[in-house]
Amino acid sequence: MDPGMKEFLEKYEEISQMEKNRDRNEYRTCQICKDASNLTKSQKEWPHVQSIGRIKQVRIPKEKDSQGNDVTPSKEEFLEKGSRRIPAPSAGEGAGKDVQCTALISDLILTAEELGSIKRMHWSIENRLHHVLDDTFREDRSPAKKSRNNLSLIRKYAYNILRLAMYETGLANIMTEMMDCFCDNAALRERYVFQGIASLY
């Protein structure tokens with residue numbers, strides 16, 4: 001082995017994780033290298049970069065046959081042949097919501113496990129936001145087409161107002177309860193909707 005490659009591999013780490021959710025199996029591979037010297041940008045341009053990472057996620061929807069037996073393909077089978085519901089991913093790494101690759105550079109020296117945890121925290125925030133938008137604000141059921149982007153922005157604005165009011169007032173800890181509080185309490189609407197929100201800075 002090339003001596004330079006051996007030194008590089010000593011700073012490389014990889015872990016694989018598998019998680020079963022209600023409707024899918026998720027496979028994640030976290031790879032990280034604690035040597036930024038291989039970046040195309042020079043150390044002078046990016047002096048603080050310490051770690052280079054990549055996460056590949058494969059999500060496979062669960063499937064059952066007519067007898068109710070689990071016939072969900074393995075990760076390898078899914079990447080090669082797809083499943084009965086989803087065709088095989090195309091072009092090497094794959095594309096779309098079922099196969100995703102995310103790159104990361106950081107000024108921290110991270111392990112592969114820490115990289116996976118950081119990415120999971122980001123996904124949990126995204127999932128929590130989109131779950132509320134879909135479940136409480138019924139975003140997926142909206143028939144709007146031309147104005148959907150504007151309405152999406154308004155929903156997110158309303159979500160942020162409600163979340164801030166939940167945090168500051170403690171009147172409710174469930175989004176739908178906070179919506180009821182806004183409907184019943186004119187002072188609350190006046191404070192958060194019409195007076196505006198004071199800057200924290």
Side-chain angles (χ1 to χ4, degrees), residues 17 19-30 32 46 48-49 51-62 85-86 89-91 93-108 110 113-201:
Q17 302 166 330
E19 184 178 316
K20 291 187 177 183
N21 290 320
R22 288 178 308 180
D23 59 345
R24 64 178 179 245
N25 294 338
E26 293 187 13
Y27 299 86
R28 283 181 291 278
T29 302
C30 304
I32 198 150
W46 288 356
H48 304 296
V49 174
S51 302
I52 313 161
R54 184 180 84 152
I55 298 178
K56 183 174 183 180
Q57 175 180 273
V58 179
R59 291 189 287 195
I60 306 172
K62 290 187 179 178
R85 292 165 56 187
I86 299 172
S90 59
E93 294 292 357
K97 63 177 184 160
D98 298 306
V99 179
Q100 296 179 343
C101 284
T102 305
L104 173 138
I105 58 174
S106 175
D107 62 349
L108 303 173
L110 301 171
E113 189 172 351
E114 288 169 335
L115 173 65
S117 297
I118 289 168
K119 190 59 180 165
R120 286 296 287 160
M121 283 189 285
H122 169 74
W123 280 322
S124 71
I125 293 167
E126 282 288 307
N127 291 338
R128 193 163 58 227
L129 170 63
H130 289 296
H131 172 74
V132 172
L133 291 174
D134 294 341
D135 191 51
T136 306
F137 291 87
R138 302 185 179 185
E139 188 168 61
D140 285 349
R141 286 170 260 179
S142 172
K145 289 186 171 51
K146 289 185 179 179
S147 60
R148 68 177 178 268
N149 291 334
N150 291 338
L151 289 172
S152 176
L153 189 63
I154 291 168
R155 287 187 195 99
K156 289 184 175 101
Y157 181 68
Y159 169 86
N160 285 322
I161 289 175
L162 290 166
R163 183 66 68 188
L164 180 65
M166 287 168 68
Y167 174 76
E168 288 187 349
T169 66
L171 292 173
N173 58 7
I174 298 172
M175 187 66 71
T176 50
E177 289 180 4
M178 198 68 227
M179 291 169 78
D180 290 340
C181 291
F182 266 77
C183 291
D184 298 335
N185 190 331
L188 207 59
R189 293 194 300 273
E190 178 71 22
R191 177 181 171 190
Y192 285 97
V193 179
F194 298 107
Q195 289 182 357
I197 299 166
S199 173
L200 297 175
Y201 303 103

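Quick caveat, the model's predicted, so the values are computed rather than measured. If you read the sequence from its start, that first residue is 1, and numbering goes on from there.
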Checklist outcome for this item: What one should report as the nearest heavy-atom pair of Glu168 and Tyr192 is OE1-OH, 2.6 Å

Checklist entry - What's the shortest heavy-atom distance between Ala165 and Met178, and which atoms? => result CB-CE, 3.8 Å

Checklist entry - How far does CG of Asn185 sit from OG1 of Thr169, to the nearest 0.5 angstrom? => result 9.0 Å

Checklist outcome for this item: Here the gap from Glu19 atom CD to Gln57 atom CD, rounded to the nearest 0.5 Å, amounts to 9.0 Å

Checklist entry - Nearest heavy-atom pair of Asn173 and Met166: which atoms, and what distance? => result C-CE, 3.4 Å

Checklist outcome for this item: Rounded to the nearest 0.5 Å, the CZ atom of Arg163 sits from the NZ atom of Lys156 at a distance of 14.5 Å

Checklist entry - Which distance, rounded to the nearest 0.5 Å, do you find between the CD1 of Ile174 and the CG of Leu162? => result 13.5 Å

Next on the checklist: Restricting to non-hydrogen atoms, name the atom on Gly116 and the atom on Cys30 that form the minimum distance, rounded to 0.1 Å.
Outcome noted: CA-SG, 3.7 Å

Next on the checklist: Side chains of Arg155 and Tyr159: any donor to acceptor distance under 3.5 Å?
Outcome noted: no

Item to check | Phe182 and Leu171, any side-chain heavy atoms less than 4.5 Å apart | outcome: no

Checklist outcome for this item: In Ile55, Ile52, Leu110, the residue satisfying side-chain contact (heavy atoms from CB on, under 4.5 Å) with Ile32 is Leu110

Next on the checklist: Treating Arg191 as the side-chain partner and Leu188 as the backbone partner, does any N or O pair qualify as donor plus acceptor under 3.5 Å?
Outcome noted: no

Checklist entry - How far apart are the closest heavy atoms of Ala172 and Glu177, and which atoms are they? => result CB-CB, 3.6 Å

Checklist entry - Do Leu104 and Arg54 have side chains that get closer than 4.5 Å, going by heavy atoms? => result no

Checklist entry - Is Lys20 close to Glu26 at the side-chain level, that is, under 4.5 Å between some pair of heavy atoms? => result no

Checklist entry - Taking Arg189 for the side chain and Cys183 for the main chain, is one N or O donor matched with an acceptor at less than 3.5 Å? => result yes

Checklist entry - In Å, rounded to the nearest 0.5 Å, how long is the span from NZ of Lys56 to CD of Gln100? => result 12.0 Å

Item to check | From CG (Leu108) to CD1 (Ile118), nearest 0.5 Å | outcome: 6.5 Å

Item to check | Under 3.5 Å: donor-acceptor pair, side chain of Arg24, backbone of Ile60 | outcome: no

